[in-house]
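By convention here, the first residue in the shown sequence is residue 1. Keep in mind the model is a prediction, meaning the values are calculated, not measured. Ligands are counted one by one from 1 in listed order, and the atoms in each one are counted from 1 as well. Below, each value reflects all heavy atoms present in this structure, side chains not excepted, and no hydrogens, waters or symmetry copies.
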Amino acid sequence: ATALLRAHALRKSFGRTEALRGASVEVAQGEVVALTGPSGSGKSTLLLCLAGVLRPEAGSVTHDGTRLDDLPEAARTRLRRREFGLVLQFGQLVPELSAVQNVMVPLLMERHGRAAARTAALAWLDRLGAGGLADALPGDLSGGESQRVAMARALVTGPSIVFADEPTGALDRVSGEEVMEVLVSTARSTGAAVLLVTHDNRVAAYADREVVLRDGAVEDPAAVR
Ligand code: ADP
Ligand code: ADP
């Protein structure tokens, strides 16, 4: 089977810092992959290149046969909105919007009607065990609750892959485990793949496969299929 998402020989520098030096990784449809490695090894940079947020200087990123790295900005944004969900370490919710309004945002950007967007957003909050939080403001949510809302926002558009950068990094152990269980079980039931950045072995254990980065490249070539 061909990979859903494939990065080949990516290079990305910030000034004189070479964050990625020929990193390659593949994610199959529905697969949960953990990207691990020491701090500064390029995990976040690789995730952001795969997610089409950062543009690599060399190498290719292919999603379902489409080259992301040389798509024009507008087309890349459209593909990102339709196919990708993004969950970061801190929920990154819009503080002025209620939980349900936050989850509606990606649908409104895709020009769904307000009523339909609200119904879908409420259903996703329910599914992630956050139905009772619909009208709460982000400032009143715990870390675990914020991540449930952020996951609902990432999944509401039906993405083929969810990118999660240290999704449990700001949580205590128990809420971190809850968030991982909800993330992985929801991804499995929707068929979405997950690419997870973490430095925590307990979090990586939720993945089907682990890819280790060191100094901007994948450490063990056998880990790339
Ligand atoms: P990791 O996620 O493994 O900790 P990062 O991808 O965040 O690694 O960073 C890899 C290297 O690139 C580090 O040296 C980091 O300081 C640097 N870096 C990452 N993003 C930026 C940026 N926006 N500007 C400058 N340097 C950056
Ligand atoms: P991580 O927890 O993955 O190591 P960091 O704390 O290194 O992430 O970085 C958080 C954010 O800051 C990322 O978006 C990264 O690209 C950016 N960043 C990292 N290092 C630098 C840097 N030296 N200068 C500017 N931005 C950076």
Original post:
Does Ala19 reach ligand 1 with a nitrogen or oxygen that is under 3.5 Å from one of the ligand's nitrogen or oxygen atoms?
Top reply: no

Original post:
For Arg67, does the CZ atom have more than 12 heavy-atom neighbours from other residues, nucleotides or ligands under 6.0 Å away?
Top reply: yes

**OP:** Evaluate the criterion side chain to side chain donor-acceptor pair (under 3.5 Å) for residue pair Thr62 and His8; output intermediate values, then yes/no.
**Re:** CA-CA 8 Å; Thr62 310; His8 180 70; over 6 Å; no

Original post:
Which one of Thr45, Leu35, Val197 has a non-hydrogen atom at the shortest distance from atom 5 (P) of ligand 1?
Top reply: Thr45

Original post:
Should Ser41 be listed as contacting ligand 1, given a heavy-atom distance under 4.0 Å as the test?
Top reply: yes

Original post:
With only distance considered, is Gly40 within less than 3.5 Å of ligand 1 through an N or O on each side?
Top reply: yes

**OP:** Just grab all the ring pair (Phe, Tyr, Trp, His ring centres under 6.0 Å) pairs involving residues 125-144, residues at least two apart or on different chains.
**Re:** none

Please list, one pair per line, the donor and acceptor atoms closer than 3.5 Å that link side chains of residues 95-109 to other protein atoms, with sequence neighbours excluded.
from: Ser98; atom 1: OG; to: Gln101; atom 2: N; distance (Å): 3.3
from: Ser98; atom 1: OG; to: Gln101; atom 2: OE1; distance (Å): 3.3
from: Gln101; atom 1: OE1; to: Ser98; atom 2: N; distance (Å): 3.0
from: Asn102; atom 1: OD1; to: Val94; atom 2: N; distance (Å): 2.7
from: Asn102; atom 1: ND2; to: Val94; atom 2: O; distance (Å): 3.1
from: Asn102; atom 1: ND2; to: Leu97; atom 2: O; distance (Å): 3.0
from: Asn102; atom 1: ND2; to: Ser98; atom 2: O; distance (Å): 3.1

Original post:
Going by the order shown, which atoms of ligand 1 are within less than 4.0 Å of some heavy atom of Pro38?
Top reply: 3 (O)

Original post:
What's the spacing between Phe84 CZ and Thr77 OG1 if we round to 0.5 Å?
Top reply: 11.5 Å

